[in-house]
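Basis for what follows: all heavy atoms, side chains included, without hydrogens, waters or symmetry-related copies. Counting starts at 1 for both ligands and their atoms, following the listed order.
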Amino acid sequence: MRMLLIHSDYLEYEVRDKAIKNPEPINEEQRKGRLDEVLAVFASVEKVDEVNPDEVVEKALAEIKDVAGQVKAERVFVYPFAHLSSDLAKPDVALDVLRKLEERLKEEGFEVRRAPFGYYKAFRLSCKGHPLAELSRTVVPEGEVNK
Ligand SMILES: NCC(=O)N[C@H]1[C@@H](O)[C@H](n2cnc3c(N)ncnc32)O[C@@H]1CO
């Protein structure tokens, strides 16, 4: 999984059109969302992650906790983002990974939102611009590290 982490004054999105045949079902409330003072995590789940999705969730969680601790962020916005990799996992695996990541972040005490999966979305982001405000992390299942 490839992640772009942006420490932000806010991230807000609004769902536009379907981007895949079967996007995640959403209710009216999920069509828009906003968090203030947030660590935005734009995440591309990759084909290699299909080998061990649960392990990738734990590795991504560790990276997000590390960055959130450094920038003192208590809120995390998980944002499905298919543009960080040229070798994407299939949608059902990707959604499952991102749902689990959201759940684990909540278990670790973060306030968490996750943007809807499978849609084009308009979004606004205000990056804080400090030295640690723009970071990227890549995590893969253990056996895949040096392939
Ligand atoms: N900018 C808007 C957008 O990216 N939309 C993406 C994601 O919401 C989601 N998606 C599909 N596959 C993946 C994947 N492997 N990892 C993350 N998201 C995925 O499906 C949309 C079309 O690819």
**Student:** Side chain or backbone of Y119 under 4.0 Å from ligand 1, or both, or neither, by non-hydrogen atoms?
**Tutor:**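 Just the backbone.
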
**Student:** How does E46 reach ligand 1, if at all, at less than 4.0 Å between non-hydrogen atoms: by side chain, backbone, both, or neither?
**Tutor:** neither

**Student:** Identify, for atom 14 (C) of ligand 1, the protein heavy atom at the shortest distance, and state residue, atom and that distance.
**Tutor:**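 Ranking protein heavy atoms by distance from atom 14 (C) of ligand 1, first comes A94 CB, 3.6 Å.
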
**Student:** Which protein non-hydrogen atom lies closest to atom 1 (N) of ligand 1, naming both residue and atom, and how far is it?
**Tutor:**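 It is H83 NE2, 2.9 Å.
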
**Student:** Any idea which atoms of ligand 1 are less than 4.0 Å away from a heavy-atom of L88?
**Tutor:** 15 (N)

**Student:** Using modelled atom types and a 3.5 Å cut-off, is there a donor and acceptor pairing between side-chain atoms of K106 and backbone atoms of V112?
**Tutor:**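 Between the backbone of V112 and the side chain of K106 there is no qualifying donor-acceptor contact (under 3.5 Å).
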
**Student:** Could you tell me the residue and atom name of the protein heavy atom closest to atom 23 (O) of ligand 1, and the distance to it rounded to 0.1 Å?
**Tutor:**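 Of the protein heavy atoms, A82 CB, 3.6 Å lies nearest.
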
**Student:** Say you draw a straight line from CZ of R34 to CG of L11; how long is it, rounded to the nearest 0.5 Å?
**Tutor:** 9.0 Å

**Student:** Using a heavy-atom cut-off of under 4.0 Å, does the side chain or the backbone of A115 touch ligand 1, or both, or neither?
**Tutor:**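 Near ligand 1, A115 shows nothing, with every heavy atom at 4.0 Å or more.
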
**Student:** Do any N or O atoms from the side chain of Y119 and from the backbone of E14 form a donor-acceptor pair under 3.5 angstrom?
**Tutor:**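 It does not hold such a pair.
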
**Student:** Yes or no on side chain to side chain contact (heavy atoms under 4.5 Å, CB included) for F123 and E12, after CA distance, side-chain angles and deciding distance?
**Tutor:** CA-CA 5 Å; F123 72 88; E12 59 186 11; over 6 Å; no

**Student:** Using modelled atom types and a 3.5 Å cut-off, is there a donor and acceptor pairing between side-chain atoms of R104 and backbone atoms of L61?
**Tutor:**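 Judged by distance alone, no pair lies under 3.5 Å.
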
**Student:** Can you report which non-hydrogen protein atom sits closest to atom 8 (O) of ligand 1, along with the distance?
**Tutor:** G118 N, 2.9 Å

**Student:** With heavy-atom distances below 4.0 Å as the criterion, list the atoms of ligand 1 near F81.
**Tutor:**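 Reading through ligand 1 atom by atom, the close ones are 4 (O), 17 (C), 18 (N).
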
**Student:** Please check if F77 and L4 belong to a single hydrophobic cluster, counting links between Ile, Leu, Val, Met, Phe, Trp and Tyr side chain heavy atoms closer than 4.5 Å.
**Tutor:**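 In one cluster: yes.
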
**Student:** Run the numbers for me: atoms of ligand 1, each under 4.0 Å from some heavy atom of A89, listed by number.
**Tutor:**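 Ligand 1 atoms under the 4.0 Å threshold to A89: 15 (N).
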
**Student:** I'd like to know if the side chain of D49 reaches the main chain of M1, judged simply by a donor and an acceptor atom lying under 3.5 Å from each other, with no hydrogens or angles considered.
**Tutor:** yes

**Student:** Does any N or O of ligand 1 fall below 3.5 Å from an N or O anywhere on A19, backbone included?
**Tutor:** no

**Student:** Under 4.0 Å, counting heavy atoms only: does F117 come that close to any atom of ligand 1?
**Tutor:** yes

**Student:** Among protein heavy atoms, which lies nearest atom 15 (N) of ligand 1, and at what distance?
**Tutor:**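 Nearest protein contact, heavy atoms only, for atom 15 (N) of ligand 1 is V45 O, 2.8 Å.
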
**Student:** What verdict does the side chain to side chain contact (heavy atoms under 4.5 Å, CB included) test give for E142 and E55, after you've listed the backbone C-alpha separation in whole Å, the side-chain angles of each residue and the deciding distance to 0.1 Å?
**Tutor:** CA-CA 8 Å; E142 199 52 45; E55 182 185 2; 3.0 Å; yes

**Student:** Check whether V76 and L135 end up in the same hydrophobic cluster, where Ile, Leu, Val, Met, Phe, Trp and Tyr are linked by side-chain heavy atoms less than 4.5 Å apart.
**Tutor:** yes

**Student:** Taking the six-membered ring for Trp, is the centroid-to-centroid distance between F81 and F42 below 6.0 Å?
**Tutor:** yes

**Student:** For atom 17 (C) of ligand 1, which protein heavy atom lies nearest, and how many Å away is it?
**Tutor:** A43 O, 3.3 Å

**Student:** S44 heavy atoms, cut-off 4.0 Å: which ligand 1 atoms fall inside?
**Tutor:** 16 (N)

